[in-house]
Amino acid sequence: MPGTPAMGAFAAAERARLLIRDRPLAAGVSLTVSAGVCDLGRAGDAATLVRLADGALYWAKHNGRDLVCLYSPGTVREISDAERADRLERLRSLEALRALARAVDARDPYTQRHSERVAQLARRIALALGWSELRADALHEAGLVHDVGKIGVPDAILLKPAALDAAEFAQIRRHAELGAQIVADALSPEAASWVRGHHERPDGAGYPDGLAGDAIPEGARILALADAWDAMTTDRPYRRGMAAAAALDECRRCAGSQLWATAVEALEALVAPGGPGAGAQTPGTPGRSPGWIRPVS
Ligand SMILES: [Fe+2]
């Protein structure tokens, strides 16, 4: 934007961001835009200008996206060209993975936005357990794509209304392992291990590796709880979602066997009356039979 000072560019980017956000492409399909802004007063030359604006862009993407960030040396760290190229590549892979994960969720009308809810809740549980913002963000990313391996499971099995036979169940179980392979290039090895382990159980009866207790990566244990919570509290074809109190009772019952007890305690504090709440959950019918421990959730 020739001749435009930073504040003018910021205002223009902000207008563009709002216009784009508020005009869905189609029903339920909208775009968000993040932007980084800097001017030559700060940068001095063209190459530095691009680098600093890019740093501001990464800050915007890293802090929730759908944001315009004005470069300031106090908030935005300057990054090297190599670092920028690496981040850009990871970001592109991650965007593609997210799209794939959303497509997987959308195959089943009852699991739409499941991964987003799991990611958000997992992040909040992690923060309640004392994780740093950065690590909790990494868990959020892993949560968004935790079920991406279901891309390898045929619809006939994934959406089968009847009970699964052993061979079909084995195919479903492969999604954790396959998902970890798919995300390996976009996420860190630790985050990939969270995806791989999101169906492990503290009692060792989970899959794919049958790990028990502390051998299960902590992020995987948190994802497992967030996943179970979402499966319990959202409506499914065969039952209404459970109310928070009933779901919490079920989590307590499964603490130590299927679910990590420490994370269940953190969740209790999050959803306690007067607490910060467990996010947007569908109100359910109290007292319904659980039936949430499904291999596919
Ligand atoms: Fe899963």
Side-chain angles (χ1 to χ4, degrees), residues 97-123 125-126 138-160 163-164 166-184 186-187 190-211 216-238 241 247 250-251 254 257-260 263-264 267 290-297:
L97 278 183
R98 281 180 177 160
L100 197 58
R102 276 196 300 273
V104 168
D105 277 358
R107 286 162 77 190
D108 178 349
Y110 284 90
T111 60
Q112 287 206 12
R113 305 186 76 89
H114 163 74
S115 298
E116 283 166 50
R117 290 190 303 268
V118 168
Q120 280 173 19
L121 183 57
R123 184 179 186 282
I125 296 171
L139 184 60
H140 182 266
E141 293 292 1
L144 286 176
V145 297
H146 75 280
D147 268 344
V148 73
K150 283 183 183 167
I151 198 79
V153 181
D155 278 355
I157 297 175
L158 198 63
L159 307 179
K160 188 175 175 181
L164 301 172
E168 290 166 337
F169 186 47
Q171 237 180 316
I172 291 267
R173 284 160 65 114
R174 278 213 64 229
H175 84 273
E177 205 175 338
L178 182 62
Q181 285 167 18
I182 292 173
V183 304
L187 301 183
E190 186 187 31
S193 81
W194 299 334
V195 171
R196 183 180 176 97
H198 80 272
H199 284 286
E200 299 288 358
R201 300 170 41 137
D203 62 6
Y207 63 89
D209 301 308
L211 302 176
I216 306 167
E218 208 171 299
R221 287 180 253 158
I222 297 173
L223 282 181
L225 174 60
D227 196 10
W229 178 266
D230 192 67
M232 281 189 280
T233 55
T234 51
D235 292 341
R236 295 287 163 113
Y238 46 89
E250 189 62 13
C251 288
C254 297
S257 55
Q258 175 164 354
L259 301 171
W260 183 30
V264 172
L267 178 67
W292 57 274
I293 308 175
R294 298 180 72 209
V296 291
S297 62

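Sequential numbering from 1 along the given sequence is applied to the chain's residues. Both counts, for ligands and for their atoms, begin at 1 and track the order of listing.
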Report task. Could you label the plane-to-plane angle of the Tyr207 and Phe169 rings as parallel, tilted or perpendicular, counting under 30° as parallel and over 60° as perpendicular? Result ->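 It falls in the perpendicular class, over 60°.
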Query raised in the report: Any idea which N/O/S atom from His175 gets closest to the Fe ion (ligand 1)?
Result: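 The nearest such atom is NE2.
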Query raised in the report: Are the charged groups of Arg98 and Glu141 less than 4.0 angstrom apart, N to O?
Result: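 Salt bridge: yes.
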Requested in this report: Using 2.8 Å as a strict upper limit, say whether an N, O or S atom of Asp147 approaches the Fe ion (ligand 1) that closely.
Outcome: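 For Asp147, the answer is yes, given that an N, O or S atom comes within less than 2.8 Å of the Fe ion (ligand 1).
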Query raised in the report: Any N/O/S atom of His146 sitting less than 2.8 Å from the Fe ion (ligand 1), backbone or side chain?
Result: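 Of the N, O and S atoms in His146, none lies under 2.8 Å from the Fe ion (ligand 1), which means no.
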Query raised in the report: Are a donor atom and an acceptor atom from the side chains of His114 and Asp105 found within less than 3.5 Å of each other?
Result: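 Judged by distance alone, the side chains do not pair up.
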Query raised in the report: With ring centroids as reference points, do His146 and His199 lie under 6.0 angstrom apart?
Result: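 Aromatic pair excluded; centres sit 6.0 Å or further apart.
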Query - His199 atom NE2 and His198 atom NE2 as seen from the Fe ion (ligand 1), angle to 10 degrees - result: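 The two atoms subtend 90° at the Fe ion (ligand 1).
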